[in-house]
Each structure stands twice: as C-alpha cells, then as structure tokens.
Amino acid sequence: MEYNFREIEQKWQANWNADKVYHVTEDESRPKYYVLDMFPYPSGAGLHVGHPLGYIASDIYSRYKREKGFNVLHPMGYDAYGLPAEQYAIQTGQHPAITTEQNIKRYREQLDKLGFSFDWDREVQTCNPKYYHWTQWAFIKMFESYYCKQAQQARPIAELIEVFELQGTKGMDIACTEELSFTTDVWKAKSEKEKQEVLMNYRIAYLGDTMVNWCPALGTVLANDEVVNGFSERGGYPVEQKVMRQWCLRVSAYAQRLLDGLDAIDWTDSLKETQRNWIGRSEGAELQFRVKDSDIEFTIFTTRADTIFGVTFMVLAPESELVKPLTKPEQQAEVNAYLEATKKKTERDRIADRKVTGVFTGSYAINPVTNEAIPVWISDYVLAGYGTGAIMAVPGHDSRDYAFAKHFNLPIVNLIEGADISEESFDAKDGIMINSGFLSGLTVKEAIKKAKEYIEEKGLGKVKVNFRLRDAIFSRQRYWGEPFPIYYDADGLPRPLPYDKLPLELPEVDKFLPTVTGEPPLGNATKWAWDIVNRQVVETSMIDHKTIFPLELNTMPGFAGSSAYYIRYMDPHNDKELVSEKADQYWQNVDLYLGGTEHATGHLIYSRYWNKFLYDIGAVCEDEPFRKLINQGMIQGRSNFVYRINGTNTFVSLNLKDNYEVTPLHVNVNIVSNDILDIEAFRNWNPEYKDAEFILEDGKYLCGWAVEKMSKSMFNVVNPDDIVEKYGADTLRLYEMFLGPLEQSKPWDTNGIDGVHRFLKKLWNLFYGETEAKWVSGVEPTAEELKSIHKLIKKVSYDIEHFSFNTSVSAFMICVNELTSLKCSKKEILEPLIVILAPFAPHIAEELWHVLGNKTTVNDAKWPDYKEEYLVENVVTYAVSFNGKTRFNLDLPAEATREEVEKAALSNEAAAKWTEGKTPKKIIVVPKKIINIVV
RNA sequence: GCUCGGAUGGUGGAAUGGUAGACACGAAGGACUUAAAAUCCUUUGACCAUUGCGGUUGUGCGGGUUCAAGUCCCGCUCCGAGUACCA
C-alpha cells in the first residue's frame with residue numbers, strides 16, 4: 001500500500017475541522033501555554049513558501065506543549081488595515097474592504113492546507129468593528145489619562161484636574177509636551193477652552209504640533225519606523241519634514257519602563273539591544289545660556305558637561321523657536337536664505353550630502369561658567385526633535401562640531417592632556433582635563449560628575465536623562481484605518497464619544513483620495529458628524545445645527561490595531577470589555593511569540609507600550625506582553641538564470657557561457673529542477689522563447705543561480721500550494737524545518753525536498769507492505785530497537801525545547817532508517833515514534849495513530865518519556881590518543897573501572913609504539929570515551 | 001561610524017572543550033528492469049597509497065590557554081543584519 005498523502009491530509013483536515021479538535025477554553029485543571037504568531041497582513045500576492053516558516057515552528061511547539069499536558073492557546077488572525085489595500089482602491093476604485101476580504105479568504109485557504117492547529121473560533125480581524133471597538137476604547141482611555149512620573153504610572157486626567165484646583169502644578173512631576181508651572185489661582189482664572197489646552201499638554205493621547213514625516217506621494221504622515229532612509233517603507237516614496245497638528249501617543253513617558261522591562265523578558269540579546277538603542281537613554285545635563293545684551297535665556301542638553309570650558313560657539317536647529325528672536329537684523333537676509341534652503345531638503349538629501357552648512361545669527365550667548373561671549377549659529381546638523389534643539393559646540397571633542405568649526409574657521413580648544421586635535425577631534429571619554437578651570441587635573445569621568453554637581457549647586461541647570469524615543473504620531477490622512485472616536489465641539493476642542501457608543505464605524509466614501517480642500521479622505525463622507533443630543537452619527541450637512549459637530553477626519557495608523565490583538569484572542573467575542581478578568585487571569589500573556597525581526601522598533605515597542613498602559617489602568621494583569629520571543633529568519637528566493645548570447649535567441653549552458661558574450665536572464669524557478677532547465681517548458685513559458693536554441697553540456701541545459709529576495713519580478717516565487725500538491729503538507733512542514741536553524745535566514749531551494757518525502761514513505765513502509773498492513777503488536781522489542789526509539793525521544797525532547805527543529809528532523813530520519821534495517825514494525829516501538837512525530841507531521845501521524853487502533857486524536861496523546869537504561873551500551877569504545885592525537889580504538893565492557901581502562905590502554909600493542917617504553921606522565925580518562933595518554 | 005550576528009565539503013547544514021563533516025541534497029558506480037521511473041546498495045573534504053592495511057592534511061587569517069580547540073581568550077580579514085548628524 002502506498003503512502004497516499006493527498007487522501008490522508010484531506011481526510012484529517014476535514015475531521016479536525018468538523019470535530020473542532022483545536023478549540024480551547026479556559027481549563028483550570030491544566031496549566032496554560034500561549035503560543036502566538038505575528039498575524040499577517042493579507043496582501044494580494046498570497047502566501048509564498050517563506051511565510052509559513054514561523055507558523056510551522058509555532059505549530060510544532062504548540063502541539064508539543066499540548067502533548068506535554070498544557071492547555072495551549074494558539075490563535076490566528078489578520079492585520080487587515082493598511083496602505084496597500086487603499087492604494088489599490090485608489091487605482092481601481094475597488095473598496096478596500098472587498099479586496100481585504102478576498103485576500104483573507106485566499107490566505108485562509110492556503111493556511112488550511114498546511115494543517116495548523118489554530119483555534120479559528122478566536123480569529124480576529126483588525127478592520128472588524130467588533131475588534132476595533134477596543135482599539136477605539138483604548139484610545140479614549142489614553143485621551144483621558146496622564147502619566148505621573150512619581151508613581152511611574154498612567155492616571156485618570158480627572159485626578160489631575162483636582163490637583164490643579166488644589167495646588168496648581170506645585171509638587172507635580174508629569175510627563176508633558178512642554179514644562180508648565182502655574183498656581184491654583186492662575187488655573188482657576190482660565191476659561192474652559194484654556195483649561196482644555198493646558199490638559200492637552202499632559203494627556204497620553206494628545207493633539208500636538210509636531211514635526212512629522214510627511215509623504216506627499218501617499219498624502220499622509222508616517223511614524224519614524226515607517227520611514228527608511230528618507231523613503232516610505234510602503235511604496236518607497238520620498239518623505240519630508242513638516243509641522244502639523246496631529247494626534248500623538250506619549251510613548252516617551254514610558255521610555256524608562258520600556259527599557260527596564262527588557263531585563264525581565266526572554267528575548268534575544270540582539271533584539272533587546274535594538275530596542276535599547278531605539279529608546280536611546282542618555283544621561284547628561286541641561287544648561288541655561290543667557291543671550292548677550294538681551295533677557296532671552298535658552299537651554300541646551302549635553303552629556304559632556306565637563307567640556308564647558310571648550311565651548312566656542314552654539315548651534316540651533318533651523319526649526320528651533322529661538323531662531324527668530326536671536327537673529328539680528330543685519331543677519332536676517334542670510335538666515336532667511338538658509339532656512340529656505342534647508343526646508344527644501346528632504347530627510348534623504350540631508351543624509352545623502354552631509355555637507356557642512358550653517359549661518360551666523362548675529363547673537364552671542366554667555367557661557368554660564370566662564371562668562372565668555374560665544375557666537376550662536378544655525379545648522380541642520382542639530383536636530384529640532386532631540387534634546388532642546390540647541391547645543392553647545394565643543395569642536396575639540398566632538399567630531400561634528402569639529403567639522404563645523406573647521407569649515408567656518410571657529411576656534412578649537414583642546415581640553416585633554418596630550419590629545420592631538422590638529423586633524424580630528426578627540427571624542428573618547430578618557431584622559432586628564434586641562435584648560436578647564438576647576439576641572440583641570442581630573443579624569444574625564446571625574447570631571448563629568450563634578451561638572452554636573454557644580455551646575456546643580458550654582459543653579460545653572462539640572463541633571464537630566466534624555467531619551468531618543470519620541471512620541472508616536474497617531475494620525476494618518478487615510479481612509480482604510482480605524483476612525484478616531486472624537487468630535488470637535490463649538491470651541492473646536494476635541495471630545496471623546498461616550499464609551500457605550502463604540503465602535504464608531506468607518507463611514508462609506510465615494511472616493512478614497514483627499515478632498516478638493518486637502519482634507520483626508522473621510523472628508524468625502526456625507527454622513528460623518530456627531531449629534532450630541534441623540535448620540536448618533538448623522539449627515540455632515542447638519543453640522544450648522546448647535547448640537548451637531550464634525551467628527552475627526554484622520555484615521556489611526558497600522559500599529560493601532562496590532563498593538564493589543566494578543567489580548568483580544570483571550571476573549572474574542574466579549575462585547576462588554578476588552579477581556580474578561582477571568583480570561584485575562586487565566587491566559588495572562590504570551591508565553592512564546594514568533595515573528596520577524598523587522599518589527600523590532602515598531603510593533604514590538606508599540607505593543608509593549610500599549611500593554612503597559614492597559615496594565616496601568618487595570619485592564620490586564622501583566623506588565624509585559626511577550627515573555628519569550630523568537631525571530632524566525634527570512635526565507636529568501638533562489639533565482640535561476642539562463643544565458644542568452646547577445647543579439648541572438650540562443651541560450652548557452654552555465655559552464656560554457658564564458659566562451660560567449662552573454663546576458664543572464666531570470667528564468668522561472670518552477671521550470672528548473674536541480675538547476676537543469678526544462679527546455680520544453682521554457683519554450684512555452686514566454687512566446688519570445690518559442691524558437692529558442694540551446695547550447696547544451698552533457699545533453700543538459702544547466703542554469704546559474706543566486707540568492708535574492710523572493711519576488712515576482714525575479715521569477716523565484718514558490719507557492720506552498722504547489723508543494724503541497726506535489727509532496728503533501730507534512731513533507732513541506734518537515735522540509736521547511738529541515739532547511740536550517742529557525743532563526744537563520746536562508747534561501748528556499750526545492751532541491752532536497754525529496755529527502756524528507758522519502759523519509760515519510762519509509763515510515764509508511766514500516767506499517768504497510770506492498771499490499772497489506774505489516775505492523776504487529778504484542779511482540780517484545782529488542783534492545784537495539786528500544787535503544788533506537790529512546791535515543792530519538794531524548795533527542796527530539798531536547799531539540800524542541802531548544803527550537804532546534806532541523807536536527808529533530810534528522811533524528812527522525814536516523815531512527816526510521818535504523819528501524820527499517822532492523823525490520824522492526826512493532827507497535828510498541830512505532831507508537832511513541834508517531835506521538836513525537838505528530839507535532840511535525842500531524843496528518844500522517846494522525847492516520848497511523850488510528851491505524852494502530854487509537855480512537856482519539858494523536859494531539860491528545862501523552863508525550864513519551866525516555867528511559868536512560870535503554871541507552872546504556874554494554875561495550876564502550878574508547879578513543880585512545882597520545883598527546884592529544886588519536887591513535888586507536890579500544891572496546892571495553894561498559895562497567896570497566898578507570899584503572900581497568902588505563903591498564904587496557906597501556907597493554908595494547910599499539911600503545912607500546914607510541915609510549916616508546918616511557919612511563920606516561922599523565923593518563924586522562926574522560927566520560928566522553930576518550931583516553932589521552934601524555935608521554 | 002556604532003551595535004549585533006556569522007565564516008565548517010560541490011550545496012543546505014551537524015558537532016554540552018573530547019574520534020570534525022551527523023542528516024539531507026547533488027555527483028559517481030552498481031543491483032532490479034526490454035527501457036524509463038520508483039526502489040535498494042556502495043563511494044563521496046582534500047592529498048598520497050590503493051592488491052589489503054593505511055598515511056598526511058583539514059573548520060576565514062595570525063597568536064594564546066589546554067592532555068585535547070570548529071568550540072574558550074587576544075589581535076586581524078571578509079560577509080550579513082540593524083541603526084545612524086541623538087550633542
């Protein structure tokens with residue numbers, strides 16, 4: 001009987017589905033385990049063979065944990081809001097909801113073929129109102145909260161209002177956009193509108209005028225992590241800087257907690273390091289500088305307070321608010337010209353040509369320590385968004401300041417003994433200070449400390465910790481995203497919708513582009529106003545009415561829906577709350593999270609932030625969302641090439657191509673097998689090649705190959721459906737794991753899949769002969785057979801815990817080869833083999849499990865334990881080496897003592913040759929079966 | 001520039017400091033077959049020997065620690081990923 005994988009896989013997929021074998025509920029009698037995959041964005045291209053890699057690994061682990069007795073939550077869903085569907089809608093007029101639904105359907109079909117153990121009853125889609133209800137809910141909660149730095153926690157904004165009524169800002173330490181200080185009386189004297197504006201300074205979700213990454217081609221702003229080298233991540237369009245009033249999330253308030261939290265979670269060091277860099281904590285000081293002949297004062301941030309005696313000029317960012325007041329009339333024209341020029345530069349231009357540019361303001365600042373007057377310049381190497389947007393320049397000890405000073409002929413002072421600053425600055429933080437007044441003679445480290453103390457003592461400034469992490473810009477001028485549950489009242493103040501009126505559903509529009517007046521696409525909606533009396537969405541045309549107000553026209557960004565989806569899986573159908581206390585207490589947080597590294601500074605920061613906020617308001621019981629995280633590597637494409645002789649339609653085989661002038665052309669990898677071109681298929685592939693001629697080697701056309709990104713244009717996309725059709729899902733699953741270590745990127749290469757397919761056939765052949773079943777039960781297994789299977793159980797148990805799935809697959813192959821040559825078809829041996837294979841190849845395992853007479857699903861079988869006693873050998877082979885070089889092998893009974901081993905080693909004939917009659921200096925016998933004799 | 005990875009046969013890759021190259025692909029030879037496919041067997045790091053045993057060398061380069069180093073330490077070279085005027 002043959003291994004008919006198509007029949008087996010279809011049968012069991014249908015059965016599992018019908019019996020809902022993967023449905024899970026909270027079960028207090030079993031420990032929980034939560035395995036999560038990063039949910040996909042359903043793109044129009046469908047899945048290629050690289051996408052399921054992580055899903056296969058997580059599925060193996062889920063099934064393994066289940067066999068180990070855990071109640072495993074393993075859900076799947078879709079990150080369904082996003083730019084591609086909207087871009088497609090703009091081009092074709094097709095509603096993004098429709099394309100998204102089609103794409104999801106296609107994804108589901110592809111996923112279903114691979115035999116995953118997802119609990120589809122818990123599926124979430126971020127674009128579903130039942131889901132984004134809770135995205136909007138969390139947003140309002142953030143709008144109604146402030147961050148108390150003393151308590152290191154988010155608190156209700158109502159509490160802040162009470163404090164302001166009682167004591168103003170006195171004694172408060174609140175995360176804010178701008179440091180404010182006022183008394184009770186000042187607060188009380190403010191109008192409602194003014195009070196709201198003050199509160200906006202503190203809200204965790206706030207409207208702020210910020211420098212944003214504006215992408216004109218996409219017509220929207222983008223978050224920092226959505227911009228790569230000055231281009232949009234999606235589409236690759238240029239991005240420029242612009243000030244806009246936008247919704248923001250005060251992620252920066254959580255910077256320290258996001259940093260500290262990393263210590264307690266089990267992520268790779270490199271990923272933690274990436275996040276640490278992104279958060280960018282730096283300890284330094286803020287210093288006040290007075291402007292000469294003026295009452296203006298400004299603040300700068302520095303980590304090198306010790307270099308205060310070497311400050312020879314100051315630099316402002318072009319966008320700094322200080323530019324205007326500090327520019328002297330005689331410099332005005334020059335400054336204006338400079339500002340114009342920098343404004344035109346995109347982010348990319350700034351990076352591309354790092355020329356030193358700048359302009360003098362005409363003003364001088366007074367060094368608070370030396371009282372020297374120093375010129376204030378403007379330059380775009382100072383960033384408005386970091387620190388205070390102004391710096392003190394120390395050209396002797398900062399390479400950027402050095403380049404600037406050299407270019408504009410500004411003085412350079414050396415502050416460190418023996419430093420050579422004639423060619424470049426001395427940036428290192430070591431050496432002995434000179435030319436530095438009271439700091440001279442100290443080491444740099446001592447000087448930093450002393451300078452900070454001095455600054456605080458004299459009231460010149462304060463010690464300050466700065467973070468690179470910025471607040472997240474949360475508005476997008478797009479249609480296909482979550483609407484903000486916000487309307488604007490008569491004063492133009494944003495007001496949240498009542499919680500009981502959520503979700504606020506995305507309105508229909510007739511076109512997806514911005515309006516003629518430049519408003520976001522939601523400006524096209526005819527029904528997009530809020531009636532505060534009847535508490536409902538009404539026609540936009542009714543806005544003139546006193547109680548009817550416009551709704552927010554922006555939508556939320558992609559990361560809004562993906563930030564807390566793992567919580568929703570715990571209780572996906574709850575329409576009363578985000579998650580019930582019971583479900584939250586039971587599932588807690590994600591035990592194992594699998595996904596790509598590309599989310600290191602986006603999703604994985606936002607999610608942690610979002611989760612910490614929810615923790616603060618008591619909505620969830622865990623502070624960190626993902627206990628352990630594994631990044632699966634990317635599967636790249638393996639492209640094939642044919643070589644066309646220039647100006648002809650003749651193609652020459654790989655090893656002969658150097659004799660001709662050729663152009664390499666990508667060829668569809670699906671018509672190439674083991675790098676040998678299927679010539680007929682090639683002729684039919686493209687009409688252009690119908691009459692192609694070939695110069696062959698050994699009667700074959702050999703193609704060249706290269707590793708590239710898997711993409712349509714390289715003709716190297718391999719569809720999992722085709723592999724499943726040809727080899728079956730179990731083969732695909734095993735092969736993807738066999739390809740190499742999970743966390744490593746590697747090219748897909750269909751060559752080699754036969755090996756694992758052959759393994760499954762061999763396994764099948766242990767159960768079935770040519771015509772009938774040949775497995776037997778009730779026959780005592782031999783020691784060899786027991787050793788083979790127990791060795792396997794030990795190896796696979798260890799490997800799964802260490803996510804080393806590739807070596808597990810090898811171990812299965814070895815075991816099946818051994819059993820085949822032992823002609824072992826005994827149930828007692830085969831049954832545990834099936835149980836541990838089930839996570840990897842669930843269909844064939846389920847089939848054989850039932851063949852052996854079991855009635856329940858193999859997933860509920862218990863993971864077998866191995867017994868050491870079967871692994872012990874009667875005879876141990878020692879490798880005897882002299883001075884570390886291996887010379888011969890020695891077979892001894894396993895129970896031989898150390899003395900017996902040594903004696904046997906030395907009495908051997910071969911030993912005499914190497915010891916040359918001398919007494920060995922040392923004999924080392926190690927348990928690894930090595931004897932080393934040192935002569 | 002900084003941070004983090006990595007470098008092992010023709011290829012993908014195995015090796016708690018203990019006989020390097022498991023397992024698989026590919027290749028070569030053979031069995032079965034009219035033939036092919038499928039299946040099975042043998043060989044397969046390199047070099048030398050080959051009538052048999054065998055020998056030499058070998059994990060990017062140079063040092064070091066150790067009885068013993070692909071593995072640990074120091075110094076390089078190259079490749080990949082992330083990040084970047086962050087004061």
Side-chain angles (χ1 to χ4, degrees), chain A residues 2 228-229 268-278 280-282 284 300-305 307 315 317 350-351 354 356 379-383 385-394 397-401 403-404 427 466-470 597-598 600-601 631 633-634 638 674-676 705 707 734-735 738-741 743-756 758-759 761-762 765 798 804 806-815 817 820 877-889 920-935:
Chain A
E2 278 207 4
V228 180
N229 283 335
T268 60
D269 289 338
S270 73
L271 187 57
K272 285 185 184 182
E273 199 56 30
T274 305
Q275 290 216 339
R276 284 192 189 106
N277 289 340
W278 190 260
R281 182 189 152 101
S282 75
I300 60 95
F301 175 76
T302 180
T303 54
R304 294 293 302 273
T307 59
V315 188
R350 275 201 191 186
I351 295 164
R354 255 187 219 191
V356 178
S379 175
D380 65 4
Y381 82 87
V382 174
L383 306 177
Y386 184 75
T388 60
I391 61 153
M392 62 178 215
V394 185
H397 305 284
D398 181 284
S399 57
R400 295 152 301 175
D401 298 343
F404 194 84
D427 292 15
N466 235 328
F467 292 95
R468 203 183 77 111
L469 184 71
R470 321 279 177 82
T597 357
E598 64 272 23
T601 54
N631 292 120
M634 277 231 298
R638 186 179 187 278
N674 282 331
D675 294 336
I676 295 162
W705 63 274
V707 174
L734 284 167
Y735 187 56
F738 183 70
L739 223 42
E743 302 187 45
Q744 190 176 303
S745 286
K746 56 236 161 193
W748 175 266
D749 184 0
T750 308
N751 302 337
I753 196 166
D754 288 319
V756 288
R758 223 166 270 155
F759 152 72
K761 283 198 227 169
K762 282 185 198 166
N765 291 336
Y798 178 87
S804 177
N806 55 330
T807 52
S808 289
V809 177
S810 296
F812 279 115
M813 290 177 176
I814 295 168
C815 182
N817 282 341
T820 303
T877 305
Y878 289 88
V880 183
S881 58
F882 291 87
N883 300 330
K885 296 209 167 195
T886 305
R887 303 302 175 187
F888 63 93
N889 293 335
K921 280 185 201 157
K922 216 194 290 186
I923 301 177
I924 295 135
V925 180
V926 299
K928 278 284 176 182
K929 302 173 212 164
I930 301 290
I931 306 170
N932 194 353
I933 298 172
V934 186
V935 186

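Computed from a predicted model, the values in this text were never measured in an experiment. Scope of the values below: all heavy atoms of this structure, side chains included, with no hydrogens, waters or symmetry mates. Labels below follow one simple rule: chain letters A, B, ... track the order of the sequence lines, proteins then strands, and each chain is numbered from 1.
Atoms CZ (A/Arg276) and C1' (B/C2) sit 16 Å apart, rounded to a whole Å. Atom pair A/Glu598:CD and B/G82:P shows a separation of 10 Å (rounding to whole Å applied).
Across B/G75 and B/G21, the matching C1' atoms stand 28 Å from one another, rounded to whole Å. Across the C1' atoms, B/U77 and B/C23 are found 32 Å apart, a figure rounded to whole Å. B/U8 and B/U57 have their C1' atoms separated by 15 Å, with the value rounded to a whole Å. Rounded to the nearest Å, the gap between the C1' atom of B/C53 and that of B/U66 is 34 Å. Spacing between B/G10 and B/G60 at atom P, rounded to whole Å, works out to 13 Å.
Looking at heavy-atom distances under 4.0 Å, A/Arg470 makes contact with a base. Residue contacts for A/Gln744: at a heavy-atom cut-off of 4.0 Å it reaches the sugar-phosphate backbone alone, with no base atom in range. As judged by a 4.0 angstrom heavy-atom cut-off over every strand, A/Pro747 is placed among residues making no nucleic acid contact.
For A/Tyr798 and A/Thr807, the side-chain atoms include no donor-acceptor pair closer than 3.5 Å. For the residue pair A/Asp401 / A/Tyr381, a side-chain donor-acceptor distance below 3.5 Å is found, with atom types taken as modelled.
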Once pairs are restricted to Watson-Crick or G-U wobble with both distances under 3.5 Å, how does RNA chain B read as a dot-bracket string, [ ] for crossings and | for other-strand pairs?
(((((((..(((.....[....)))((((((.......))))))((((.....))))..(((((..]....))))))))))))....
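Between B/A87 and A/Tyr386, a contact under 4.0 Å exists linking OP1 or OP2 to a side-chain N or O. Taking 4.0 angstrom as the limit, A/Lys746 places none of its side-chain polar atoms (N or O) nearer than this to OP1 or OP2 of B/G13.
Heavy-atom nearest nucleotides on RNA chain B were determined for A/Ile924 and for A/Leu739, and the one closer to the 5' end corresponds to A/Leu739. Comparing A/Ala390 and A/Trp278, the nucleotide of RNA chain B nearest to each residue sits closer to the 5' end for A/Trp278.
The side chain of A/Pro741 approaches B/G13 more closely than any other nucleotide in the set B/C85, B/G13, B/A38. When distances are taken from the side chain of A/Ser270 to each of B/C4, B/G18, B/A87, the shortest belongs to B/C4. Taking every side-chain heavy atom of A/Glu273 into account, B/U3 is the closest of B/C67, B/C85, B/U3. Taking the side chain of A/Val382 as heavy atoms from C-beta on, and the options B/U39, B/C85, B/A87, the nearest nucleotide is B/A87.
Annotated as syn: B/G9, whose glycosidic dihedral is within 90° of 0.
Partners of A/Phe738 by ring pair (Phe, Tyr, Trp, His ring centres under 6.0 Å), not counting sequence neighbours: none found. For the ring pair (Phe, Tyr, Trp, His ring centres under 6.0 Å) test, no residue two or more places apart in sequence or in another chain qualifies with A/Phe759. Scored by the salt bridge (Lys or Arg N to Asp or Glu O under 4.0 Å) test, A/Arg638 finds A/Asp675, A/Asp749 as partners (sequence neighbours excluded). Contacts of A/Arg276 classified as salt bridge (Lys or Arg N to Asp or Glu O under 4.0 Å), with partners at least two apart in sequence or in another chain: A/Asp263, A/Glu273.
A ring-centre distance under 6.0 Å is not found for A/Phe467 and A/Trp278.
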Just by protein heavy atoms under 4.0 Å, how would nucleotides 21-27 of chain B read 5' to 3' in B, S and -?
-BBSSS-
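In this structure, CZ on A/Arg304 lies 8.0 Å from CG on A/Asp427, to the nearest 0.5 angstrom.
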